[in-house]
Engineer: 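After the structure tokens below, expect a handful of questions from me.
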Protein chains: 2
Amino acid sequence: MKLEKNPMDFSYDTIIRGDCIEELKKFPDNSIDLIFADPPYNMQLENNLYRPNNTKVDGVDDEWDKFASFEEYDNFCTSWLSECKRILKDTGTIWVIGSYHNIFRVGNIMLNLGFWILNDVTWYKTNPMPNFMGTRFTNATETLLWCSGNKKNKKYTFNHKLMKKYNGNKQMTSVWRIGLCIGKERLKGEDGKKSHSTQKPEELLKRVILSTTKQGDIVLDPFFGTGTTGAVAKKLKRRFIGIEKEEKYITLAHNRIDKIDQFYEEADWIEESASLKSQNEQ
Amino acid sequence: MKLEKNPMDFSYDTIIRGDCIEELKKFPDNSIDLIFADPPYNMQLENNLYRPNNTKVDGVDDEWDKFASFEEYDNFCTSWLSECKRILKDTGTIWVIGSYHNIFRVGNIMLNLGFWILNDVTWYKTNPMPNFMGTRFTNATETLLWCSGNKKNKKYTFNHKLMKKYNGNKQMTSVWRIGLCIGKERLKGEDGKKSHSTQKPEELLKRVILSTTKQGDIVLDPFFGTGTTGAVAKKLKRRFIGIEKEEKYITLAHNRIDKIDQFYEEADWIEESASLKSQNEQ
DNA sequence: TATAAAGGTGAATCCGCAC
DNA sequence: AGTGCGGATTCACCTTTAT
């Protein structure tokens, strides 16, 4: 695996250290098969507002500041999403995950930029955190927006038959029942604390990558974190490029992905199995 | 039940015939306990869709669902949502239902207007229409945004214990597994065709009204249609006001609601049952 | 009368190529 | 851009008809 080398050489898996927007600008047009993005959404936690760069916003009680904060978040998302649209192939699609805190702003921006929503997939958590105060319904979901770059792009990759096999011979729906990333899968430091606050379960990325790429395709994750996207891409024989700002996450991701056996065969098992069953049906 | 009389007399259930925005402007500030809104989704359907057996899908082609642009739709929603915010009591909340076609625009507007999202509830359909062409995941959900008018309004009505009982003594989550409105519940004309293209199931409104109102509260539905909100409100001993533009829907709603026994006791059964069990637990 | 088979339907942004 | 046509494509549930 390459680390911070020339990202335009798509022969190798790569992690780029740098600012997401600045790095995305360096990519050529129409060069990426799939984008998976898990952007920050720490907009309004308790009584504090944070900017996308994690600096705190003062004066949260003022309507002006609240709007200013929305505006700043919107500008940030407009920038990175515009670059994503530019570098996506005509056959490519993008996934963006978020919660109710940010997904309505993200979705609105994507529509304004001309993205075409194919599905709003609901990650229905098997083990969500309860609402301890009894003031709301238990928040049991996150939302993934799956979009093509343009309404006219009809030839996007979607492995319908594969996902049908994967789902017990019935069409997979837009509701995915998956547990939180816990246990052995969750990366933890020597102190036993979780290494990253929002590590996603591999099963989620497995469905994303299996359904909307082919083997050998290039998967880009502009908010790479501890590299779940890269780990699953490697297991499924796809290539990946990750962009991440923080050195500590890059180190964790690098170690994690290098451990994965390059002859890991799950991709073939799943896809050949589906292919065979499909043939037998005919 | 009153029909098109003085809507400001909250002693009676009322259906107002008129334009949603114009009628909302007539309401006094801070006067409504709950709003349930099922606005047009702006589906943007273009071509016909055929099933595998070559029959045509009877899609939504109503004039009321057509908007010229995102801007026109946004302006429409900003207007009616602004009035909703004004007339909502400090203890009141609002529900808005939508699909991926419109919910990201609606959610964005609500955030901009200062609404505070309490939950994004997923209506997870037990029997969604499949994706016939195998081009996407089966679209199995609609989304309900449940919001207070302001972040600072902490005293909104939420019947936590009741919903826990209703859900088998476990916290109800933000995912509601409910079937489509079909069979005897679905209003049909003499020709056997559905009377309204988007009638909602009563179970959905039952959860909305049970969870976020008390008996006697005033429930407003600015897009009343065939009156599901009114029917469920009456069964659960809440008062309702509906606004609807089309005479044919008003007639259907009026006949439907007048059939409901005024001594329908489900409200008491449910709520007393929950109350008793709750006491036993302590 | 009961059971089985056949037919209908739901807020849907649902094909791809040749001419 | 529009038209025509070959070919691939569906799940749960309710109603009607057949056995």
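By convention in this document, chain letters (A, B, ...) are assigned in the order of the sequence lines, proteins followed by strands, and residues within each chain are numbered from 1. Given the structure is predicted, the values throughout are model-derived calculations rather than measurements.
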Engineer: Taking only side-chain nitrogens and oxygens of Arg136(B), does any of them come within less than 4.0 Å of OP1 or OP2 of dT10(D)?
Structural biologist: no

Engineer: Using whole Å, what does the distance between atom C1' of nucleotide dA1(D) and atom NZ of Lys154(A) come to?
Structural biologist: 15 Å

Engineer: Nearest whole angstrom, please: distance from the P of dG16(C) to the CG of Asn153(A).
Structural biologist: 11 Å

Engineer: Between dA11(C) atom P and Glu63(B) atom CD, what is the distance in whole Å?
Structural biologist: 19 Å

Engineer: Return the orientation label for the Trp146(B) and Phe158(B) ring planes: parallel under 30°, perpendicular over 60°, tilted otherwise.
Structural biologist: tilted

Engineer: Under 4.0 Å, heavy atoms only, any strand: does Pro39(B) hit a base, just the sugar-phosphate, or nothing?
Structural biologist: base

Engineer: Would you measure the distance from the C1' atom in dT19(D) across to the matching atom in dT1(C) and give it in whole Å?
Structural biologist: 12 Å

Engineer: Are Arg238(B) and Asp217(B) ion-paired here, with the side-chain N under 4.0 Å from a carboxylate O?
Structural biologist: no

Engineer: At under 4.0 Å, does any side-chain N or O of Lys161(A) touch on OP1 or OP2 of dT9(D)?
Structural biologist: yes

Engineer: Is there a Watson-Crick or G-U wobble partner for dT9(D) with both distances under 3.5 Å, and which nucleotide is it?
Structural biologist: none

Engineer: Output the rounded distance in Å from CD (Glu185(B)) to P (dC13(D)).
Structural biologist: 14 Å

Engineer: Do Glu247(B) and Arg17(B) sit within salt-bridge range, that is, some charged N less than 4.0 Å from a carboxylate O?
Structural biologist: yes

Engineer: Verify the contact: side-chain N or O of Lys184(B) to OP1 or OP2 of dC13(D), cut-off strictly under 4.0 Å; return yes or no.
Structural biologist: no

Engineer: Between dT10(D), dG10(C), dA11(C), which nucleotide gets closest to the side-chain atoms of Asn127(B)?
Structural biologist: dG10(C)

Engineer: What about Arg51(B): does its side chain form a donor-acceptor pair under 3.5 Å with the base of dG8(C)?
Structural biologist: no

Engineer: Given dG10(C), is OP1 or OP2 found less than 4.0 Å from the side-chain N or O atoms of Lys194(B)?
Structural biologist: yes

Engineer: Is there a Watson-Crick or G-U wobble partner for dA18(C) with both distances under 3.5 Å, and which nucleotide is it?
Structural biologist: dT3(D)

Engineer: For Ile117(A), answer base if it contacts any base atom (sugar-phosphate contacts may also be present), sugar-phosphate if it contacts only those atoms, and nothing otherwise; contact means non-hydrogen atoms under 4.0 Å.
Structural biologist: base

Engineer: Is a salt bridge present between Arg86(A) and Asp29(A), judged by a nitrogen-to-oxygen distance below 4.0 Å?
Structural biologist: yes

Engineer: Checking all strands, does Lys200(B) fall into the base, sugar-phosphate, or nothing category for heavy-atom contacts under 4.0 angstrom?
Structural biologist: base

Engineer: Side chain of Thr126(B) only, heavy atoms from C-beta on: which candidate in dC13(D), dT10(D), dG10(C) is closest?
Structural biologist: dC13(D)

Engineer: Looking at every strand, decide which applies to Asn131(B) at a 4.0 Å heavy-atom threshold: base, sugar-phosphate, or nothing.
Structural biologist: base

Engineer: Report the nucleotide, chosen from dC11(D), dA12(C), dC14(C), that has the shortest atom-to-atom distance to any side-chain atom of Leu45(B).
Structural biologist: dA12(C)

Engineer: Now, which nucleotide makes the Watson-Crick or G-U wobble pair with dG7(C), with each of the two distances under 3.5 Å?
Structural biologist: dC14(D)

Engineer: Hey, which sits more toward the 5' end of DNA chain C by its nearest nucleotide, Gly192(B) or Phe132(B)?
Structural biologist: Gly192(B)

Engineer: What does Lys155(A) touch in the nucleic acid at a heavy-atom separation under 4.0 angstrom: a base, only the sugar-phosphate, or nothing?
Structural biologist: sugar-phosphate

Engineer: What contact category does Asn53(B) fall into here, base, sugar-phosphate, or nothing, at under 4.0 angstrom with non-hydrogen atoms?
Structural biologist: nothing

Engineer: With a 4.0 Å limit, can you tell me whether His160(A) has a side-chain N or O closer than that to the phosphate oxygens OP1/OP2 of dC14(C)?
Structural biologist: no

Engineer: Starting from the 5' end of DNA chain C, give me the residue, Ile182(B) or Asn42(B), whose nearest nucleotide shows up first.
Structural biologist: Ile182(B)

Engineer: From CG of Asn102(B) over to P of dA12(C), roughly how many Å is that when rounded to an integer?
Structural biologist: 13 Å

Engineer: Judged by each residue's nearest nucleotide on DNA chain D, which is more toward the 5′ side, Met129(B) or Asn54(B)?
Structural biologist: Asn54(B)

Engineer: Answer with yes or no whether Asp58(B) presents, from its side chain, a donor or acceptor under 3.5 Å of a partner atom in the base of dA12(C).
Structural biologist: no

Engineer: If you look at every strand shown and take non-hydrogen atoms under 4.0 Å, does Gln171(A) touch a base, only sugar-phosphate, or nothing?
Structural biologist: sugar-phosphate

Engineer: Which whole-number value in Å describes the distance from Phe158(A) CZ to dC15(C) P?
Structural biologist: 13 Å

Engineer: Taking OP1 and OP2 of dG8(C), is either one under 4.0 Å from a side-chain nitrogen or oxygen of Lys193(B)?
Structural biologist: no

Engineer: With rounding to whole Å, what would you report as the distance between dG7(C) and dT10(D) at their C1' atoms?
Structural biologist: 15 Å

Engineer: For dA12(D) and Lys170(A) - does any side-chain N or O of the residue sit under 4.0 Å from the phosphate oxygens OP1/OP2?
Structural biologist: yes

Engineer: Before we go on, tell me: are the rings of Phe137(A) and Trp176(B) under 6.0 Å apart, centre to centre?
Structural biologist: yes

Engineer: Just checking, any donor-acceptor pair under 3.5 angstrom between side chains of Asn112(A) and Arg105(B)?
Structural biologist: yes

Engineer: For dG10(C) and dC14(C), measure between their C1' atoms and round to the nearest Å.
Structural biologist: 15 Å

Engineer: Starting at atom CE of Met43(B), determine the distance to atom C1' of dC14(C), rounded to an integer number of angstrom.
Structural biologist: 12 Å

Engineer: For Thr198(B), answer base if it contacts any base atom (sugar-phosphate contacts may also be present), sugar-phosphate if it contacts only those atoms, and nothing otherwise; contact means non-hydrogen atoms under 4.0 Å.
Structural biologist: base

Engineer: Quick check on side chain to side chain donor-acceptor pair (under 3.5 Å): which of Arg256(B), Lys200(B), Lys206(B), His196(B) does Thr228(B) satisfy it with?
Structural biologist: Arg256(B)

Engineer: What is the distance, rounded to the nearest whole Å, between atom NZ of Lys151(A) and atom P of dA1(D)?
Structural biologist: 13 Å

Engineer: Counting the atoms with a prime plus P, OP1 and OP2 as sugar-phosphate, which does Asp38(B) contact under 4.0 Å by heavy atoms, base, sugar-phosphate, or nothing?
Structural biologist: base

Engineer: With side-chain contact (heavy atoms from CB on, under 4.5 Å) as the test, pick out the partner of Trp95(A) among Thr212(A), Thr229(A), Leu118(A).
Structural biologist: Thr212(A)

Engineer: P atom, dT9(D) versus dC17(C): distance in rounded Å?
Structural biologist: 15 Å

